[in-house]
Protein chains: 4
Amino acid sequence: MIQINERSMVPIYEQIVQAFKELIAKGALREGDKIPSVRELSAQLLINHNTVAKAYQELERQGVVASQRGKGAYVAKPAEEPGMERERVRQLRAELRRIAVEAHHLGIGSRQLADWFGEEIQRYGRDEHADRPQST
Amino acid sequence: MIQINERSMVPIYEQIVQAFKELIAKGALREGDKIPSVRELSAQLLINHNTVAKAYQELERQGVVASQRGKGAYVAKPAEEPGMERERVRQLRAELRRIAVEAHHLGIGSRQLADWFGEEIQRYGRDEHADRPQST
Amino acid sequence: MIQINERSMVPIYEQIVQAFKELIAKGALREGDKIPSVRELSAQLLINHNTVAKAYQELERQGVVASQRGKGAYVAKPAEEPGMERERVRQLRAELRRIAVEAHHLGIGSRQLADWFGEEIQRYGRDEHADRPQST
Amino acid sequence: MIQINERSMVPIYEQIVQAFKELIAKGALREGDKIPSVRELSAQLLINHNTVAKAYQELERQGVVASQRGKGAYVAKPAEEPGMERERVRQLRAELRRIAVEAHHLGIGSRQLADWFGEEIQRYGRDEHADRPQST
DNA sequence: GTGGTCTAGACCACT
DNA sequence: GTGGTCTAGACCACC
């Protein structure tokens, strides 16, 4: 269900956070679904349970999951009025810029880059309003 | 010329590296231009000279600038056959996915996201071949 | 395990890099083996820990070892398709020429020189393909 | 006659030293030949004359050329009893080892490496004694 | 003047 | 405990 790359530069707990957000974004996990317990997941991934716990805390902080005392954690309802928390949006745009710059120096053409992003958006993107067909 | 964010999680030397790559990508710095000396920049940014030196070494390692002993550093000629170093390209695509997922959870629509990226590409992107008109 | 020459012109961190590459080339260190921690080695060699850290970062950059946050560094799997990075190969051939010239001026005969190199190759060389007998 | 690479890591004065030693090793310059004056060469290479002067000092120190007051410098007679200055020979062998190790990590096979060195030796090597035919 | 290296000592994030 | 980053201040080689 989740793949961890021990040798990646990105911290393991972050990888876990991202993995869950990915599963949710592509619809493999839906609102109300139970996510595995800390112990279960740590056993399965062969990593320290503190690392998993840290990931879950982060997921909860971001409002992606919600723990219910003694019952485990569940995928939360997506924020009604989508946060648009300014700071994180600003950060996201900065990352878009960074990637554009990086691609430039790697010799990747604009066309190619936009296409790649298009693919990802198609899989993980959020369709704006159901009333607008053929978005993206 | 360069802005440093002391409170950012991304290390100062990385910020410097990115800033120069940005200036080059958008054409504000061109091949052969001299970049400020280590001491000059460190004085200007009010940071330690070693931090700047580390950034410059990284830029040199990436082939973005070339230093000449006792003379300073200059913007290098972009690699003729731009590596397309597989590992870094793979990483870049992973970042695109991560951003798509992130945006989903922030409630940002696909359309909006693609538009934002389009803006960045327009500023920093690399036009594929000069012989193809109206590209970008 | 590693010997540092304080008085050499070649920087300490470079000596460390070379020492590890030597240990790996001759098989004393193998894929997956743990290498000493930064602090451990710096204490043992009586040098500053930053110097060791710099060496380790260089080794990681070259893909010789891989560090894992909070766990230490390990000998990496040799690149499957060894880059044959053109620039570095070109440089290596230039060094071979330089040594031939140097030997000439030191009055070292061709035969002697080739023999010496043969010895080193035997210890540190890479056998081409296991399926080709009598290689080396 | 001499090519300088401004952007090389090896200092310019060293490049000059090596260039002369190369010319001598391959027979393009012979004992007694005059080498250009400091001013002449610095003008020709478009570099600072101090740099050329430093190179010439080094060549003289190594006994490769000999200056005659007011007349210029000439290629010296190769040391009768070839120095075999122990320290430099030791250093040369260390370089051979380093190259063997480097080649290993670059994925260069022993056979290939030995062949390359053979080529260089053929061009720049010193035949032991004229009485031994087909040496190398 | 330039960049490159090293030390000493500090703080932080990750496991 | 691990590696990663930063500062302060020093010395050196090159031009």
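Residue numbers begin at 1 in each chain, while the letters A, B, ... track the order of the sequences.
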Regarding C:Lys34 and the six-membered ring of C:Tyr74, is the cationic atom NZ or CZ under 6.0 Å from the ring centre and inside 45° of its axis? yes
Starting at atom CZ of A:Arg7, determine the distance to atom C1' of E:dC14, rounded to an integer number of angstrom. 18 Å
Value for CG (D:Asn5) from CD (B:Gln68), rounded to nearest 0.5 Å, stands at 9.0 Å
DNA chain F: 5'-proximal contact among B:Lys71 and C:Ser37 (nearest heavy atom): C:Ser37
Nearest whole angstrom, please: distance from the P of F:dT2 to the CD of C:Glu60. 16 Å
Letter by letter from the 5' end, nucleotides 5-13 of chain F scores (B base, S sugar-phosphate only, - none; protein heavy atoms under 4.0 Å) BBBBBB---
If we count only N and O atoms by modelled type, under 3.5 Å, do the side chains of D:Gln18 and D:Glu14 hold a donor and an acceptor together? yes
Of all pairs that satisfy salt bridge (charged side-chain N to carboxylate O under 4.0 Å, His left out), the ones with a partner from residues 51-65 of chain C, not counting sequence neighbours: C:Glu58-C:Arg61
For the pair B:Glu31 and B:Lys77, find out whether any cationic side-chain nitrogen is under 4.0 Å from an anionic carboxylate oxygen. no
Quick one: C:Glu58 CD to E:dG4 P, roughly how many Å, whole number? 13 Å
Secondary-structure stems for DNA chain E, with pairs counted as Watson-Crick or G-U when both distances are under 3.5 Å and runs at least 3 long: E:1-14 with F:1-14
In Å and rounded to the nearest 0.5 Å, what is the OG1 to CD distance from D:Thr51 to D:Gln15? 11.0 Å
